[in-house]
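In each ligand, atom 1 is the first atom listed, and ligand 1 is the first ligand listed. For reference, positions follow the sequence shown, starting with 1. What you see below is based on every heavy atom in this structure, not just the backbone, and it leaves out hydrogens, waters and symmetry mates.
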Amino acid sequence: MKLTIEPLTPLIGAEIKGVDVTKINDEEFADLFQAFVDHSVLFLRNQPQMSAEQHRTFAQRFGEIHIHPAARGKPAEHPGAMKMRTNSESKVAAGNRWHSDVSCDAKPPQASILQLHQIPPLGGDTLFASLYAAYDALSDHMKVYLDGLTALHSGEEPFRHVFRFEAADKSARWPENHHPVIRRHSDSGRPALFVDREFTKSIDGLPKEEGKALLEFLFNHVERVDFQCRFRWSENAIAIWDNRCALHHAMWDYYPEERSGRRVSVVGEAPVAWHLGSDQIPTSRFAAAKLTI
Ligand code: SIN
């Protein structure tokens, strides 16, 4: 059976039907991957509940599994499989601020694949925002100003002070890396405005106050409602988002109810700058191989 793709908005998000991710074949995956590139986030309902190993196996179709900085150097039965759980005991909820997963890494994740096994009776939606739409909507003057700028993405504040993760090496700093503000997506070739409120701390080479004001403008801009879609979860639904061109925000409006599942992310490339006048030819191995994987 051929999978069907039902876009949620003209800019971002599509619901995929007619495929079981635990039995997906190469041809179906090629279509699914193309839909992922075209819509930035995919939603699949009525899926079997994946075991940790099935989840990892599906993720490996996208590429190498990403290990979260908080899990590095620690033994794991299913490396890269992250339990997500928020309940009445939680002090913080994962993803409750606009972000691109672990954008502070040198090679931040491309895909993140989340399956929720338990959902609250109401609430707990996840919102997604298109960084392509955010770039496209900038004025021509702003596009010129941002061309060539880089920004510092740091895990220090969220990982040390918000989530209070314990690293295997307690003396080490959390990842900090400089990434282009305008990033070329390797599968679509399109420019994306790659900043997020969670990890992007400063713009390189600008006076402090100017950089701060610019970042505040960019955060508000990428979070505009007109670049978004919103997913209302059902049990065992799966969301697959592209961190290279979409931010997400998990709503924690269901306290004291429980919401839980598992996420596996996939390593991406070190972000590459997109410059005005660049062509938009895809450069990834998937595109190059015409998705014959
Ligand atoms: C996250 O991965 O940032 C959390 C997303 C969610 O729980 O909806």
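- The shortest heavy-atom contact between Asn243 and Phe194 is O-CE1, 3.5 Å.
- Remark: Trp98 CH2 to Asn220 CG distance equals 12.5 Å, nearest 0.5 Å.
- Protein heavy atom nearest atom 2 (O) of ligand 1, with residue, atom name and distance: Arg263 NH1, 2.7 Å.
- How far CG of Asn87 is from OG of Ser260: 8.5 Å, rounded to the nearest 0.5 Å.
- With contacts defined as side-chain heavy-atom distances shorter than 4.5 Å, the pair Val21/Leu32 does not qualify.
- Side-chain contact check for Thr150 and Asp204: at least one donor-acceptor pair (N or O, by modelled atom type) lies under 3.5 Å.
- Looking at Trp233 next to ligand 1, no N or O pair under 3.5 Å apart turns up.
- At a heavy-atom cutoff of 4.0 Å, ligand 1 is contacted by the side chain of Trp241 but not by its backbone.
- Interface of His248 with ligand 1, defined as ligand atoms under 4.0 Å from a residue heavy atom, comprises 1 (C), 2 (O), 3 (O).
- Within 6.0 Å of atom CZ in Arg56, more than 12 heavy atoms from other residues, nucleotides or ligands are found, so the atom counts as buried in its surroundings.
- Shown are Glu156, Glu157, Glu176; of these, the salt bridge (Lys or Arg N to Asp or Glu O under 4.0 Å) with Lys201 is made only by Glu157.
- Listed by number with element, the atoms of ligand 1 under 4.0 Å from a non-hydrogen atom of Gly95 are 3 (O).
- Short contacts between ligand 1 and Met84, defined as distances under 4.0 Å to a heavy atom of the residue, involve ligand atoms 1 (C), 2 (O), 4 (C).
- Within ligand 1, counting atoms from 1 as listed, the ones closer than 4.0 Å to a heavy atom of His99 are 3 (O).
- Remark: minimum distance from atom 8 (O) of ligand 1 to any protein heavy atom is reached at Thr126 OG1, 2.6 Å.
- Checking Arg224, Arg190, Lys143 one by one against Asp136, the salt bridge (Lys or Arg N to Asp or Glu O under 4.0 Å) holds for a single residue, Arg190.
- The shortest N or O to N or O distance between Arg259 and ligand 1 is under 3.5 Å.
- Counting the atoms of ligand 1 from 1 in the order shown, those under 4.0 Å from a heavy atom of Ala250 are 5 (C), 6 (C), 7 (O), 8 (O).
- At a heavy-atom cutoff of 4.0 Å, ligand 1 is contacted by the side chain of Leu114 but not by its backbone.
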